[in-house]
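First the structure, in the form of structure tokens, and then the observations on it.
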Amino acid sequence: MALTSTGTLARVAVATAAGALALAGCTPTSESEPSATPDVVIGEDTGEEIESITVALPGSLSSLYVGQESGILNYYIAAVTQEGLLSIDADGALQPGLAESWEQPDPVTYVFDLRDDAVFQDGTPVTADDVVFSLEMARDETQSPGLAYYLTNVDTIEKSGDAQVTIRLLEPDAAFAANMTSAGAAFITSQAFWEEHGGDVGTSTSLLLGSGPYQVTEFVPDSHVAFERVDTWWGELPAVKSIRVDFISDESTRLLAAQSGDVDIAFNVPFAQAAQWEALDDMRVTYVNDLSYVGLYFNIGVAPFDDPAVRQAIAHAVNRDAFVSTLLDGHGEAATAIMTPESLTSVHSPEDARALLATIPQWEYDLEAAKAALAESSVPEGFTTEILTPNTGPQLGTAAQALAQDLAEVGITLNVREVPIEEWLASLDPSAGYGLNYMWYFSTLGDPAEIPTYLIGAGNPAQYDNAEVLELLSQVGAETDPAARIDLLVEAETLQAEDAINIPLWWGQSATGFANDLGVTDFSPFTFVSTWPTQLYRAGE
Amino acid sequence: MTVRISELSVVGPAGVMVEPLSATVEPGATLALIGESGSGKTLTAKSLVGLLPRGFTATGAAEVGGVALPLAGGESAWRAIRGRTASLLLQDPFTSLSPVHRCGDQIAWTVEAATGSRLARSERDAVVEARLAEVKLPARAARAYPHQLSGGMRQRVAIAAALASDPQLLIADEPTTALDASNQAEILDLLRAVQVERRLSVILISHDLGVVRGRTDQVLVMREGHVVERGETASVLAAPSHPYTGALIEADPVVAAQSGTRLSPAQPVEGELVVRVMGLEKSFGTHRVLDDVSLDVSRGEILGIVGESGSGKSTLARCVAGLEHEDGGTISIDGVALAPGRASRTPDQMQIVFQDPYSSLNPMMSVGAILAEALRVAGRDASEVDGLLETVGLPAQFVRKRPAQLSGGQRQRVAIARALAPRPRLLICDESVSALDVSVQADILRLLAGLRDELGIAVMFISHDLAVVRMIADSVVVMWNGRVVERGECRDVLTAPTHEYTRLLVAAALRENTAPQIGRE
Amino acid sequence: MVAVRVLGVLGVLWVLSMVVFAMMYLAPGDLVKNLLGNRPSTPEAIAAVREQYRLDDSVVEQYLHWLGGVLTGDLGQSIRLQVPVIDAIGDRLPLTAALSALAFLIAVAVAVPLGVRSAVKAGGWLDRIGGALAVLGLSAPTFAVGLVLLYLFAYYVPIFPIYGGGDGGLDTLRHLVLPAVTLALGLGAIIVKLTRTAMLRELESDYVTFARARGLSPRVVNRLALRNAAIPIVTGASLVLTFLVGGTVLAETTFALPGLGTLLQDSVLFKDLPVVQSLTLFVAAVIAVIALLADVAYLLLDPRVRRQMGAAS
Amino acid sequence: MTQPLGASSLTTSPQPPALRGPSARRPRRRRPVLVALALLVLGIAFGAAAFGSLIFPDAMTQDILASQLPPGSPGHPLGTDELGRDVLQMSVAGARSALLGPVIVALGSMACGVVLGTLAGYQRGWIDFAVSRWTDLLLALPVLLAAIVVSGVFGGGYWVTVVLLIVLFSPSDIRIVRAGVLEQSARPYIEAAQMLSLSRWRVMFRHILPNVTSLVVTNAMLNVAFALVAFSSLSFLGVGVSPGIADWGRQLTDGRAIMFVNPAAVFMPALLIVVVAVAANLVGDWIGQRLSRVGEDVR
């Protein structure tokens, strides 16, 4: 992996998720159920207490507060100590969190009733004032640049009772409630704590205060963060007493550490190393769809990509099945849409979800068709262009090189340039002037509209301005019936697919290494954005 | 306590460097080893303290006062000998003392090495003070670093250090060559006094017959590893039996000076005035190097400029050549005043021949290329290179050679040829023979004299050595502290100096003893 | 003299600050994007961030603002870590300093005696080994050496920890052994070369010959030569330092140490301008100060220069 | 009596010690076998750099969607890398990129050093002042650190790195040449050239420059070794050579991911880097000693 030991800048940056080929030990899966290293049988819960576990992160965190730094790893770590009003279960469905219950009296009003036994780790109770304050801070662009986006639709946040908070939206948003989880924008902290530190929370000196089952005891950026179990949590006392998260930016070093038995959990094992992790005697690798989307998109403000025939030619040259089977070694799934199947699971079964998404028109891998399309285009003789790939995603670079080979046959010269994640992020801005671009997006909410809204909604990076699509998306926001929303989204995606704006490549998986004596219940794509340490147990022989 | 050397021979990687050699030195007596570069005299000296360079071995036998020297022995065998039985004094006092240690410490180490234990502070101070007193230095010299002392004082410290653990044999390898003339006699006399006092045997190595005369008892003349002549110093010098010794004696400027031999025509030609220097002033910072210096040089005249280092004579030469910018005064050539610096001068006005023949030729250019370049600037054809070589007495095949393949004398001839190429009106010789062996020195001097006679060129001949100047110069200017203190016909100035400083120089040049000779047998 | 040198150093640092500032300003990548991440952002959010980090000021204003802060002792706030730059640097400095010091100690303790012995017994077996080690140390990339050591002594023979800076005290020392040895190899290579060359030169000098001729023991002679050789060795310190600083980044990355090297690397990628600025200047200042100290040491070591300096001032 | 007296190089003539003959300094002579071996290594490496693309024309364009194989696999003696490309072919093909950059860096830095160093050392004055301050500035920066900052900030890439390293390596060349020129300028043969009123260009480039060649060439050789190491270090930190280029440093960096599947993917390029760097170091030292021995005879 490349050198970004910087935690993550965006949720995108973090995941060093997939690597290139790994010697497969594992059959490809298209199920959303996690798949683990074969031949490893994890014992039953022994009920033993676990003194401590070590979690190895492939990069460092700069801040523990997600509002400040919102990479995917930040979410994972924040979930250990902080809670949202709601939580997400293994199926992606919303469950109570700090709020015992919630209701939606009208399309723009949400009322949350707080539980009365919630206490911060310093012993002070979680009050409605704290919740209002935390959310207000989250929607403040300078306090929480990483979270404010989720709350732009919020009009007011008010304390409406001793243990009640009411949030009013500007416009209806069916998916809003998910934002009130620790997978979204709700990281409830104590107002007193925040003010004591002048808003500088999540740093090595101020640490972080939440209401979760673990308290941060030490944070050394670029080194480690340590957690201790507290008895103030409202839920059942978890088995693990202390958690130490070590940041090991060098993948070889991390693998070595695992081989020495120093690691209990390793997030985001690169696929290139997956086989070596699987080969470890006392560790297993578990794969799970990670709600990420990888695709290409065209900035139609840049010639010749304003020409649909050019876009079609490139779309026909994309061999996404080969990417998935060889580059990802099956740890991923050829994408037929921008939405991930997991985001539909609250309504549809996995099979139905995939079937539904498959109805969206596809550009088949067909180099002859690609040549034909190019011949029809404004640049029949071909042209030269460049694509930037982020250095944290080597599999993206490899896929781009494979694409470049196919495009060369078609008559298009594609130069692949690997750049630091930061430069890649900057290149996503339409004004950067790159016509052919990668999109790599991790969703944490599991809301089907999240990624499409970004990629084809107003102000999208492709400069795609289709009134019909925009209309459909605004209906999505207003529609409260999940199934109807999904249908509207499919309709919008169909339109964009016909215009060949975004070319979905794959839905990603993440690989997590677990020590064999460590069991985890209900492992799902949503596990690490909830209070995941509570799901760990000491497995028997 | 007699030193006996029998059949001592040194073999190096290139063969036998010193042929078997035998000698005896009585206590209190001095044996002189005389020879030019490459004669093997230094190797002989080093073999007697076991300090031959790697790859060289000594055979034969040597004993000092009954103690056999472990000629073929290892470092540990030698350690018992060095300092206590035999000690070596080196040529250059500027480098033979560690620059970062105090003089007293360096003397004390010798004592400590002999006793094998560290001295107590007070004991050490007392020992050092006594040793310093022996070489007539005050006790405070112990606190000084070498660079704080003059060359002569440094050599005294070195002598004290070399003798600190009372050896019976002192080998002095050119002990005064690096010193100013006025210091040389002093050091030699001091050595002599100490030697008599201690009844020390001394082997004195020198290229300089003047040093040998009157201060040594026996002499060995060496050439290319062979002893060509040996005997009582006085008789060898008076009546050399080997032609080489004869040639050496004849070539020696001191001998020549004493015998009155001169290379100049009896009557200097009355030539037209070539160079006139008027009231030249030059300072480096606050230090005034040239103070109202005036002189004239005529065609066909060799003007000797004499003075010790720091007297300003080289700066004068460089100002005339345009390599330094004078602060005031005028320099005119053929009546035309020149602005300071090279820009106002042309190659055919003056050329300069430097002291060091090893660095005055571009090592990367062949002799032919060097001379052709010099000819070209004067508009002369490169085909004249052969003629030029002939003028300086070198065969035509030297054209292809590189400086590295030439000896010092040959290089200096090439340098002179280069200087002559633009047909300069004035030739400046800045210590041009000082770095050469005496025999070579004489050759070059003859060449210069011949050039003056044939070409009628004007020469400014700068030297610290009055003896050399006396051989060649027609008239002489004596400089001291940037001023001209005496001037006149060469013969007059040297035979009847009027200025005190000139008298000192003359005495030094003749290697005269300034101290009374005590206890000579 | 020293005052002139100090002024010179300050001048260099000042120019450097402008160069670094201009470079970071011109660099591709966008701080706003870094902070907001890959997601749609409202114009208000962008404006707020730009306002907060004064991105709308002209580059000159930004620079002057920063410079003003530096002169009043305020290095600014790290954008990435949200702590004052001075704290970010201060937190990591001890580890890097300890690592560098340890590496330096190991290198000096091994390389100086080795260089001395190599020179004294030039051509001997120790000289050959020293020479081979020196060439290898200069030729092997620091990270490659680090990886090899990691595999050997942390994995196959697990006597040292694999990563991290430890929990302070002896534990930290234990964690620093391998990275320090890694650095010390390259460092030692330079020092061996310097020492050997300097010693050879001194051993061939007249005063050594004279010392030997007076019967001084080899130990005393070598000490004498080393004392003289110390001058060029100490003057070569800047070379050593340059290597050390660069190597630290590699070693820290390889061994996952939270030091200044990793801080710089991360800050560069994040465009954390205040940290990169301050850190670059800090490193340059440290090097300059140590070069200055080397000069002062030169003064102390060489009485000749001491005298000249005394005369000049 | 103008013939040299004797063959001994020991002189007792009153020259300053610096002018002593060669025996005064006795550099360790590299054993010829070792140097021959080093030259052979360099020869092979540069041969591979020049003709590697002819031997394995499609090393980089091998089917990149194949799988990783350990060493000793049929058809792949050193196995395949993380993209399924043959390690042996990659190592040969990688020579060009791995060596071209360092060589250009060494040559470029040498050119800067020769031009600026000579001007500064001989002309003195404001040129010297400007050049000296420039080198002071650059020398205040550790090479690797500066490279990380600049490469990291501008996104790295091969040619950016080359230019960067030239700039960062040049101060030492400039200083070495300048010091050499200063030393030579003070020698009488330069003053003799001035006495002939030769133009300053002729003095600088005809007279002085050939005499500092040994310094320049030696340093250039050592720079090749340093640049090779620097390139690979930068690649390790992710700011050097971009992916998609066959390059030892890149191979080493990428190959670490599959260290246990195919150790050769890491150790082969690492070994090549170290061996070539050692060879360049040895040859550099050797050239330096040979040339300076030539020089010593004449000094």
Side-chain angles (χ1 to χ4, degrees), chain B residues 12 14-15 17 36-43 53-54 91-92 95 173-174 177-178 205 207 223-225 247 321 323 342 345-347 350-352 354-356 358-365 373-374 377 393 402-404 407-410 413 415 418-419 422 434-437 439-440 443, chain D residues 1-29 180 183-200 202-214 291-299:
Chain B
M17 307 306 289
E36 303 196 299
S37 319
S39 63
K41 57 189 194 302
T42 293
L43 283 177
R54 200 169 295 184
Q91 163 185 341
D92 191 350
T95 59
D173 186 359
E174 304 263 9
T177 311
I205 289 162
H207 69 287
R223 186 190 183 196
E224 295 179 18
L323 294 173
R342 275 306 298 166
R345 289 160 168 82
T346 55
M350 77 279 295
Q351 285 298 321
I352 190 163
F354 296 97
Q355 167 176 6
D356 178 17
Y358 290 83
S359 61
S360 60
L361 302 179
N362 187 339
M364 292 306 197
M365 290 169 79
E373 181 178 57
V377 297
R402 290 198 180 237
S407 71
Q410 287 166 339
R413 283 169 192 265
R418 174 179 60 194
S434 310
L436 303 173
D437 279 337
S439 56
V440 185
D443 286 344
Chain D
M1 294 240 319
T2 53
Q3 285 72 37
L5 293 171
S8 166
S9 51
L10 280 177
T11 78
T12 51
S13 58
Q15 301 159 23
L19 307 175
R20 292 289 169 72
S23 74
R25 244 179 278 156
R26 187 171 301 278
R28 173 181 49 194
R29 289 170 194 216
E183 195 208 347
Q184 295 293 326
S185 299
R187 288 175 183 254
Y189 77 88
I190 295 305
E191 296 197 321
Q194 289 165 347
M195 289 305 294
L196 295 174
S197 298
L198 298 176
S199 78
R200 54 185 56 194
R202 191 171 167 83
V203 174
M204 275 191 273
F205 292 100
R206 178 85 176 82
H207 284 265
I208 298 182
L209 200 55
N211 285 291
V212 296
T213 319
S214 71
L291 289 179
S292 72
R293 251 202 308 278
V294 170
E296 264 171 18
D297 286 343
V298 300
R299 262 182 250 160

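The sequence lines fix the lettering, A, B, ..., with proteins before strands; numbering per chain opens at 1. FYI, side chains are in, hydrogens and waters are out, and symmetry mates aren't considered; it's all heavy atoms of this structure. From a predicted model like this one, the values you see are computed outputs, not experimental measurements.
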Ion pair B:Glu373/D:Arg206, N-O distance below 4.0 Å = no

remark   = Minimal heavy-atom distance between B:Pro422 and D:Leu196, with the atoms involved, is CG-CD2, 3.8 Å

task = Locate the shortest heavy-atom distance separating D:Tyr189 from B:Pro363; write the atom from each residue and the value.
result = CE2-CD, 4.0 Å

key: Derivation of the side-chain contact (heavy atoms from CB on, under 4.5 Å) call for D:Met195 and B:Arg345   = CA-CA 9 Å; D:Met195 289 305 294; B:Arg345 289 160 168 82; over 6 Å; no

query = D:Leu198 versus chain B, heavy atoms under 4.5 Å apart: side chain, backbone, both or neither?
reply = side chain

query = When you look at CZ of D:Arg202, are more than 12 heavy atoms from neighbouring residues, nucleotides or ligands closer to it than 6.0 Å?
reply = yes

inquiry  = Quick check: closest heavy atoms across D:Ala192 and B:Ser360, and the distance to 0.1 Å?
reply    = CB-O, 4.4 Å

ask   = Side chain, backbone, both or neither: which part of B:Leu323 has an atom under 4.5 Å from a heavy atom of chain D?
value = side chain

key: Working for side-chain hydrogen bond (donor to acceptor under 3.5 Å, both in side chains), residues D:Ser197 and B:Arg342   = CA-CA 7 Å; D:Ser197 298; B:Arg342 275 306 298 166; 3.1 Å; yes

ask   = Distance from D:Ile208 atom CD1 to B:Asn362 atom CG, nearest 0.5 Å?
value = 9.5 Å

request  = List for me each residue that meets side-chain hydrogen bond (donor to acceptor under 3.5 Å, both in side chains) alongside D:Gln194, sequence neighbours excluded, and say none if there are none.
outcome  = D:Tyr122

